[in-house]
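Note that the numbering runs from 1 along the sequence shown for the chain. Order of listing sets the numbers, starting from 1, for every ligand and every atom in it.
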Amino acid sequence: MRTQVAIIGAGPAGLLLAHLLHRGGVDAVVIETRSQDYVAARIRAGILESSSVELLESVGLGERLRAEGHEHRGIYLQMPGERHHLDFVDLAGRSVWVYGQTEVQKDLVGAGTAEVHYEVTDVALHDVDSARPYVTFADSSGAARRLEAEVIAGCDGSFGPSRAAAAPADFFERVYPYSWLGILADVAPSTDELIYAWHPNGFALHSMRSETVSRLYLQVPNGTDPADWPDDRIWGELATRLGDGEDGWKLTPGPVTDKSVLPMRSYVQTPMRHGRLFLAGDAAHIVPPTGAKGLNLAIADVTLLSRALVEWLKAGDTRLADSYSDDALRRVWRCTHFSWWMTTMLHTSGDPFDAQLQLAQLRWVTTSTAGATGLAENYAGPPIGF
Ligand code: APR
Ligand code: PHB
């Protein structure tokens, strides 16, 4: 098999890159280890920055987003006895959109612009330092295949082979001392916009997927077994932490349809290029979900990468390809810092001194225009390619 760009991974990064390259007249082939149904059903992120929405709209992927997504002006920050709304449009001139990653994936698959080989195995990258890199794998029938390309794009997430193939590299990692217990519930959200809550018991987040599906999270210790959290225990703790009963606000429980525990960690691998191998999305970086940045970083990476590869492979101009890693890492580190800042401000450690620092910072952010604008600018996100 031969193509111009071999893309490893059919998550948001890989599929969007294939779509953008197709629009730029560059051939690409995507290989994916999981089944199409598995990838489509993976429940992950749910917030799109305005710049992500604008990018998706600009390449024909905005129709269902605009029709079924929900534009939010901001978020609520909650502390015991206090709830404050931060209006990002007033503060930073930008909104955010609630639109599940599964919906973005559905739109990308629906675009039909990517040749994807699902359920491949034994993927290996070869000669990434040469002008003729290639990927070997076994296809879904078990047949050995060799995909020759001019460039390989590693969009295979945090556990794929591309990260190792991009070595030697610098690797920055932070593992947080807590996890999130996340639920999906068939119940109308009890709030119009997301509530991020600080509570002595731990952090809680009320998000949503639609008018009838709520998405909520609780800070729990690492290693928590979801089986130790029956639905009524979850709803009771969410009610406590989110301020149920304060100012007449009620949290409405409902049937839980999905329950999972996800650890909180952050890493960045630099540079995001090695020879003819380019990394994008979770293959290059992971952020804790507190800042809702993972999906948006993947979109920003492949927007820059697609422009670089079209310039190189269509016009022979390598300037954007040569600066891709530095260009992408500016946003990666900005978002990594913001995700760290939101995470350490909102998650309790049991240390009373830390708790007072967190409350002081939350009171500053919710009463000072300067503090609120800082959060708004980062949460709503900078323009792509800043
Ligand atoms: N060969 C082929 N595909 C692979 C391999 C492999 N060896 N290893 C992993 N993959 C696939 C995974 O099955 C997954 O579908 O690569 C894809 C990576 O997709 P994501 O993990 O979604 O990462 P990315 O596309 O960068 O999206 C990042 O979306 O998934 C969220 O939390 C993530 O919000 C972040 C954003
Ligand atoms: C979600 O809806 O899944 C979500 C929203 C905001 C976050 C994290 C997750 O910060």
Check your understanding: For W180 and Q219, does a side-chain donor sit closer than 3.5 Å to a side-chain acceptor?
Key -> no
Review point. Looking only at heavy atoms of K293, does any of them come nearer than 4.0 Å to an atom of ligand 1?
Key: no
Practice item. Run the ring-centre check on F172 versus W333 and record whether the distance is less than 6.0 Å. Key: yes
Check your understanding: Mind checking whether H117 and F137 have parallel, tilted or perpendicular rings, split at 30° and 60°?
Key -> tilted
Review point. Nearest protein heavy atom to atom 9 (C) of ligand 1, by residue and atom, and its distance?
Key: D156 O, 3.3 Å
Review point. Should we count CG of D247 as having more than 12 external heavy atoms under 6.0 Å?
Key: no
**Study point:** L295, I299, L125: member with heavy atom nearest to atom 34 (O) of ligand 1
**Key:** L295
Review point. Relative to the heavy atoms of G281, which atoms of ligand 1 are at a distance of less than 4.0 Å?
Key: 26 (O)
**Study point:** Identity of the nearest option to atom 23 (O) of ligand 1, non-hydrogen atoms only, from V39, V287, D282
**Key:** D282
Check your understanding: In terms of the angle between their ring planes, are Y196 and Y379 parallel, tilted or perpendicular, with boundaries placed at 30° and 60°?
Key -> perpendicular
Review point. Counting each atom of ligand 1 from 1 as listed, which ones have a heavy atom of I31 under 4.0 Å away?
Key: 2 (C), 3 (N)
Review point. In terms of side-chain heavy atoms, does Q269 have a donor or acceptor partner in H285 at a distance below 3.5 Å?
Key: no
Review point. What part of L297, side chain from CB on, backbone N/CA/C/O, both or neither, has a heavy atom under 4.0 Å from ligand 1?
Key: neither
Practice item. Check ligand 1 against P161 and write out every atom of the ligand that is under 4.0 Å from a heavy-atom position of the residue. Key: 6 (C), 7 (N)
Review point. Atom 30 (O) of ligand 1: which protein heavy atom is closest, and how many Å away?
Key: R44 NH1, 2.2 Å
Review point. For E63, does the CD atom sit with more than 12 other heavy atoms under 6.0 Å from it, leaving out its own atoms?
Key: no
Exercise for review: Just let me know how C155 lines up against ligand 1, side chain, backbone, both or neither, with a heavy-atom cut-off below 4.0 Å.
Suggested key: backbone
Revision key, fill the gap. of all protein heavy atoms, closest to atom 27 (O) of ligand 1 is P12 CD, 3.5 Å
Check your understanding: Would a 4.5 Å heavy-atom cut-off, applied to side chains only, mark Q78 and L242 as touching?
Key -> no
Point to revise | Any N or O of A13 closer than 3.5 Å to N or O of ligand 1 | key: yes
**Study point:** Between W340 and Y176, ring centroids under 6.0 Å
**Key:** no
Study note, to complete from the structure: Protein neighbours of ligand 2 with a heavy atom under 4.0 Å, given by chain and number, are R44, I47, W180, L194, Y196, L205, S207, R209, R215, Y217, P289, T290, A292
Exercise for review: Please determine, by modelled atom types, if S141 and D139 share a side-chain donor-acceptor pair under 3.5 angstrom.
Suggested key: yes
Point to revise | Taking atom 8 (N) of ligand 1 as the reference point, the nearest protein heavy atom with its distance | key: G160 CA, 3.6 Å
**Study point:** Shortest reach to atom 14 (C) of ligand 1 by a heavy atom, considering only Q101, R42, R34
**Key:** R42
Check your understanding: Starting from atom 11 (C) of ligand 1, which protein heavy atom do you reach first, and at what distance in Å?
Key -> E32 OE1, 3.3 Å
**Study point:** Nearest-neighbour protein heavy atom for atom 19 (O) of ligand 1, which is reported as residue plus atom name and distance
**Key:** G11 CA, 3.6 Å
Review point. Within a reach of under 6.0 Å around CZ of R174, are more than 12 heavy atoms found that belong to other residues, nucleotides or ligands?
Key: no
Check your understanding: Is K293 salt-bridged to E49, cutoff N-O under 4.0 Å?
Key -> yes
Practice item. Quick one: look at T33 and ligand 1, take heavy-atom pairs under 4.0 Å, and tell me if it's side chain, backbone, both or neither. Key: both
**Study point:** Closest approach of T224 to V261 (non-hydrogen atoms, all atoms of both residues)
**Key:** O-CG2, 3.6 Å
Review point. Should you measure from each heavy atom of I8, which atoms of ligand 1 turn up under 4.0 Å away?
Key: 1 (N), 2 (C)
Review point. Rounded to the nearest 0.5 Å, what separation is found between the CG atom of L184 and the NZ atom of K259?
Key: 12.5 Å
Review point. Nearest protein heavy atom to atom 1 (N) of ligand 1, by residue and atom, and its distance?
Key: V123 CG2, 3.4 Å
Check your understanding: Any chance the side chains of D156 and S162 put a donor and an acceptor closer than 3.5 Å?
Key -> yes
